[in-house]
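The structure under discussion appears below in the form of structure tokens.
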Amino acid sequence: MSDKSELLRFLSQVLPSERIITDTNLTEKYNSDRTKGFSGSAGIVVLPENAEEISLVLSKCNEMNEPVYTRGGGTGVTGAAPPLDMGLVLSMERMNNILEIDTRNLTATVEPNVITGVLQTEVEKLGLFYPPDPASLDECTLGGNVSQNAGGPRAVKYGVTKDYVLGMECVLPDGSFIHSGGKFVKNSTGYNLTQLITGSEGTLCVMTKLFIKLLPKPVMEYDLLIGFSSLESAIDTVAAILFKRVVPSTIEFMEDEAIRLVSSYRGGDIPFADAKAHLIVKLDGRNQDEIEYQLEILKSLPEIDETKMMIARTKEESEQVWQIRRSVRDSLNHFSPVFFAEDCVVPRSEIPSFIKSIKSQLNMYKVNSVLFGHAGDGNVHIDVLKYDMDDAKFKDLKDRIRNMLYNEAISHGGQITGEHGIGYTRREFLERAVGKYEYSLMKQIKHVFDPNNILNRGKLFF
Ligand SMILES: Cc1cc2nc3c(=O)[nH]c(=O)nc-3n(C[C@H](O)[C@H](O)[C@H](O)COP(=O)(O)OP(=O)(O)OC[C@H]3O[C@@H](n4cnc5c(N)ncnc54)[C@H](O)[C@@H]3O)c2cc1C
């Protein structure tokens, strides 16, 4: 363990004592995020309130070669934020102000630790809309979302976090400030640093201010639950819907194992319980006529059997539909803890063959799994379950299974993660996933931003 006394002396000169935490009872909560079975060790936790303080802390840590771990809401599931080797945690929790909602430019300017759901609520009060909707939105932050390029069900129509980051202010490890983009939509001025930093998992700089794009809020929504006789026909229907120029905001799928699990959890209280696949489709628009028009197009598709379609036109009915999708997690927790969860992504059309292939291999490993996810954007959630096998044996299998899943995703033209990122737990797979030269280029970029490798040391790269 390095001697922290010089660093602590410096910190006490630039921050009030209540914003420097060293008591291990209090630093403990910063050691982990939501990653199963992974936790780190924080030496010091600091709570900056502005970018200038961050600049001072970073430049001192850089000079001392002290690792710094930036923390948002701590909801990551790949161990990106927790500190390693008693590093310093830069917890952004006090930088959580919405600085401006600009109704003329349709932008929000925010400090990075604004909770995603809070921004959504605030902009909606003004008739505006921030679409990215990770399921953790009541706890995760915009800074964390930008770092991980978080996505959610609305990606099919509205894209993911990267599509809403217009610009940012950041502090580099040596304490200097950089600015990129701003409150404007177009920008062809040099390298796009905003998009380079987006998804960089806190390894390049610390974001201190974000310029976020907003949209006008759709006025109405309908939710549909549709049963299918096979996963293939469900996924073919996604292409058919989009080909008819109807772009739902959300198209989720559940394969038959997920349907059976939810049905048994809810005592059979689930529509089309005998279907082999479900699609949950959200249509949105400016008025009822617009949505009814989209609905008529869907009903006319030969792939859709109208008798297997539940239409939710009211908030209460929508809640019934979404309860079924949300019950996947609840039923998993009820029947069998998830041993590990992956979020591979493949081209939409490849979902059935990807699932078929991994299911047959998972059966060979004699493990059970439940698959569900975002049919509209190809993001398949694979929860591998812990049944009838002792822990030690199952752990041995984990790496082999992950290798298999990742190989299958890549060979189906996809990637190893669509939402959750690399962090700590997937770092040994990054080089293979992106390629040798691409990996080397990424490491060189990291070196240019952070030559002493102080930011999130040990994360992303192996
Ligand atoms: C129940 C649950 C559901 C989830 N659902 C989804 C989902 O639907 N979609 C999805 O994409 N993810 C999902 N996640 C994962 C997680 O919520 C996201 O990755 C989220 O973006 C993390 O945000 P955070 O604020 O918690 O960041 P943290 O976990 O604290 O940190 C994540 C990364 O961001 C970096 N970081 C944070 N703030 C800054 C900053 N200001 N400057 C530089 N780097 C920074 C950290 O160093 C770290 O590398 C889910 C997690 C849970 C527990």
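Both ligands and their constituent atoms are indexed starting at 1 by order of listing. Because the structure is predicted, anything quoted here is derived from the model rather than measured.
- Here the side chain of Gln148 pairs a donor or acceptor atom with the backbone of His420 at under 3.5 angstrom.
- Atom CD of Glu28 has 12 or fewer neighbouring heavy atoms from other residues, nucleotides or ligands inside a 6.0 Å radius.
- In this model, a donor atom of one side chain and an acceptor atom of the other lie less than 3.5 Å apart for Ser357 and Glu408.
- Annotation: Lys398, atom NZ; neighbour count of heavy atoms from other residues, nucleotides and ligands within 6.0 Å is above 12.
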Evaluate the salt bridge (Lys or Arg N to Asp or Glu O under 4.0 Å) criterion for residues Arg71 and Asp33: first the C-alpha distance (whole Å), next the side-chain angles of each, then the deciding distance (0.1 Å), finally the verdict.
-> CA-CA 9 Å; Arg71 184 181 181 90; Asp33 58 3; over 6 Å; no

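- Within 4.0 Å of ligand 1, protein heavy atoms come from Arg34, Thr70, Arg71, Gly72, Gly73, Gly74, Thr75, Gly76, Val77, Ala80, Ala81, Met92, Pro112, Pro134, Ala135, Ser136, Cys140, Thr141, Gly143, Gly144, Asn145, Ser147, Gln148, Ala150, Gly151, Glu201, Gly202, Cys205, Val206, Met207, Glu419, His420, Asn456.
- Under the ring pair (Phe, Tyr, Trp, His ring centres under 6.0 Å) criterion, Phe449 pairs with no residue, sequence neighbours left out.
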